[in-house]
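Report on one structure; see the data block that follows.
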Number of protein chains: 2
Amino acid sequence: MISFTEENYLKSVFHLSNVSSEVSVKDVSADLGIKMPTVTSMMKKLAAKGLVEYQSYKPVKLTPRGQTEAALVIRKHRLTEMFLVEHMGFGWEEVHEIAEQIEHVKAPALFNRMDEIMGHPKVDPHGSPIPDRHGKIMSRKLRKLSELSEGDTFTIEAVTNSEDDFLNYLNQRDLSLGTVLQVVFIEPFDFSITVRYKDKETILSKTVSDRLLGE
Amino acid sequence: MISFTEENYLKSVFHLSNVSSEVSVKDVSADLGIKMPTVTSMMKKLAAKGLVEYQSYKPVKLTPRGQTEAALVIRKHRLTEMFLVEHMGFGWEEVHEIAEQIEHVKAPALFNRMDEIMGHPKVDPHGSPIPDRHGKIMSRKLRKLSELSEGDTFTIEAVTNSEDDFLNYLNQRDLSLGTVLQVVFIEPFDFSITVRYKDKETILSKTVSDRLLGE
DNA sequence: ATAAAAACTTAGACATATCTAACAAAAATA
DNA sequence: TATTTTTGTTAGATATGTCTAAGTTTTTAT
Ligand SMILES: [Mn+2]
Ligand SMILES: [Mn+2]
Ligand SMILES: [Mn+2]
Ligand SMILES: [Mn+2]
């Protein structure tokens, strides 16, 4: 049995693995807001359970089983988010915190039912892929808005961050998944991008354009 | 902040208070499957938090605040059960275990949304009343089927027990909330009751007739 | 190559929630 | 009333998950 707490560590290592190739104790510590000694001891525990590979002073890595278990928690998280948006009328900025709690519920039937009711959605409200029942994830290689050049066209397909502050910022500017943007101008000084969409023109900072994925 | 565990103790004391007038440490111990010394120490903790009245060797009692908090957890439980049945297609025998977990989610918006979507239901799938946002519970005085006499008519309005075994037993016999029964015969030896309903005639044991409430 | 800084681990403490063993009080029975 | 049984408490142990303080190892900078 994997505890609530252990599930959160697995998810953290999983997410960090998709950001950089090596995941350090420090990274996990920062990500979860838990001190390094605690992370070290949890890594030993997860290693003993066969969920992570751990050697002192080395980066940590999920074992295949650890990856599957992490993906299954993420599946529960994303199905929940999608269900809250699609069937309960929540905004995409409201669902992450609720899903953080419901993802730990041990009731496969609940999540399989959500999946069925929604017709097996491929992505969550933030454009992140939903792993299947076996923990397999479809990977799409999307580009960041910040990587484009002047004159390019871009469709928002995902956001890399689900904090409500950021999503409310996007809501205020009427930016959502599916919005098509034209890159009008890139400021060489701070890389802020002027974009045109839906008869509007706005300047987005690099912080924002780094968090928007699409093609 | 009331922990997951504390919430379960409050719920237990609350439920037991509605069964008998006095709630003992033993009762809570039996109800939660937790040893008596553990219950004693939790009662002290809850007393320190102002949620129960506790004195050594005396029955335990919820304070008004303890009652409200218990009722709010029960509200979350029952709204969840109702939502699972009404909006996710689960049977009344499947929802209790899932609700036992979701009732601990800290997200008032989630439960208020369920409540809204369902149009503020008064009872859960087992006929138990759903407390309002302030923890107030409508009380209906229903009779047990076991209290009736031969020739009486009875409409099932609630069950006192949500174990899947019991509910599957009722499902098999096509007994559900709203079913109208005629009491045909009461066996004086073991108080089993012969009932007629929907062109059927069945014998229900005292164990069963004690768990069916109605009027 | 050495010193300094950063990352990591070990050791030990603490909070929560549980248990068993032993004892004490209250209730039931003789 | 005296004894036995039941119920409840105290004391101390254990498991999980967290922390701080103090060292180690590795990496970076001088
Ligand atoms: Mn999320
Ligand atoms: Mn979580
Ligand atoms: Mn998401
Ligand atoms: Mn229930």
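Residue numbers begin at 1 in each chain, while the letters A, B, ... track the order of the sequences. Here the structure is a predicted model, which means the values were calculated and not measured.
For B:Phe185, there are no ring pair (Phe, Tyr, Trp, His ring centres under 6.0 Å) partners two or more places apart in sequence or in a different chain. The side-chain hydrogen bond (donor to acceptor under 3.5 Å, both in side chains) test applied to B:Ser146 returns B:Asp210, not counting sequence neighbours. With sequence neighbours excluded, the residues forming a salt bridge (charged side-chain N to carboxylate O under 4.0 Å, His left out) with B:Asp115 are B:Arg75, listed by chain and number. In this structure B:Phe83 satisfies the ring pair (Phe, Tyr, Trp, His ring centres under 6.0 Å) test together with B:His87, sequence neighbours excluded. Under the side-chain hydrogen bond (donor to acceptor under 3.5 Å, both in side chains) criterion, A:Asp190 pairs with A:Ser192, not counting sequence neighbours. Listed by chain and residue number, B:His104 satisfy the ring pair (Phe, Tyr, Trp, His ring centres under 6.0 Å) test with B:Phe4 (two or more places apart in sequence, or in another chain).
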Pairs under 3.5 angstrom only: tabulate donor-acceptor contacts from the side chains of residues 15-23 of chain B to other protein residues two or more places apart or in another chain.
| from | atom 1 | to | atom 2 | distance (Å) |
| --- | --- | --- | --- | --- |
| B:His15 | ND1 | B:Lys11 | O | 3.2 |
| B:Ser17 | OG | B:Val13 | O | 2.6 |
| B:Ser20 | OG | B:Glu22 | O | 3.0 |

Give the table of side-chain donor-acceptor pairs shorter than 3.5 Å for residues 123-131 of chain B, with sequence neighbours excluded, one pair per line with atom names and distance.
| from | atom 1 | to | atom 2 | distance (Å) |
| --- | --- | --- | --- | --- |
| B:Asp124 | OD1 | B:His126 | N | 2.6 |
| B:Asp124 | OD1 | B:Gly127 | N | 3.1 |
| B:Asp124 | OD1 | B:Ser128 | N | 3.1 |
| B:His126 | ND1 | B:Glu81 | OE1 | 3.1 |
| B:His126 | ND1 | B:Ser162 | OG | 3.4 |
| B:His126 | NE2 | B:Trp92 | O | 2.8 |

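The nearest whole Å value for the distance from the CD atom in B:Glu22 to the P atom in D:dT7 is 14 Å. The distance between atom NZ of A:Lys35 and atom P of C:dC14, rounded to the nearest whole Å, is 17 Å. Atom NZ in A:Lys49 sits about 12 Å away from atom C1' in D:dA15, given to the nearest Å. B:Met42 has its CE atom 11 Å from the P atom of C:dC19, to the nearest Å.
Taking a 4.0 Å limit (strictly below) on heavy-atom distances, residues 2-11 of chain A does not reach DNA chain C anywhere. If you check residues 97-107 of chain B against DNA chain D, you find no residue with a heavy atom closer than 4.0 Å.
Classification of A:Lys76 and A:Glu7 as a salt-bridged pair holds, one side-chain N sitting under 4.0 Å from a carboxylate O.
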Walk along nucleotides 7-13 of chain C from 5' to 3' and tag each nucleotide B, S or - by protein heavy-atom contact under 4.0 Å, base first, then sugar-phosphate.
SBBB---
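Every pair tested for salt bridge (Lys or Arg N to Asp or Glu O under 4.0 Å) that includes a residue from residues 50-68 of chain B fails, sequence neighbours excluded, so the list is empty.
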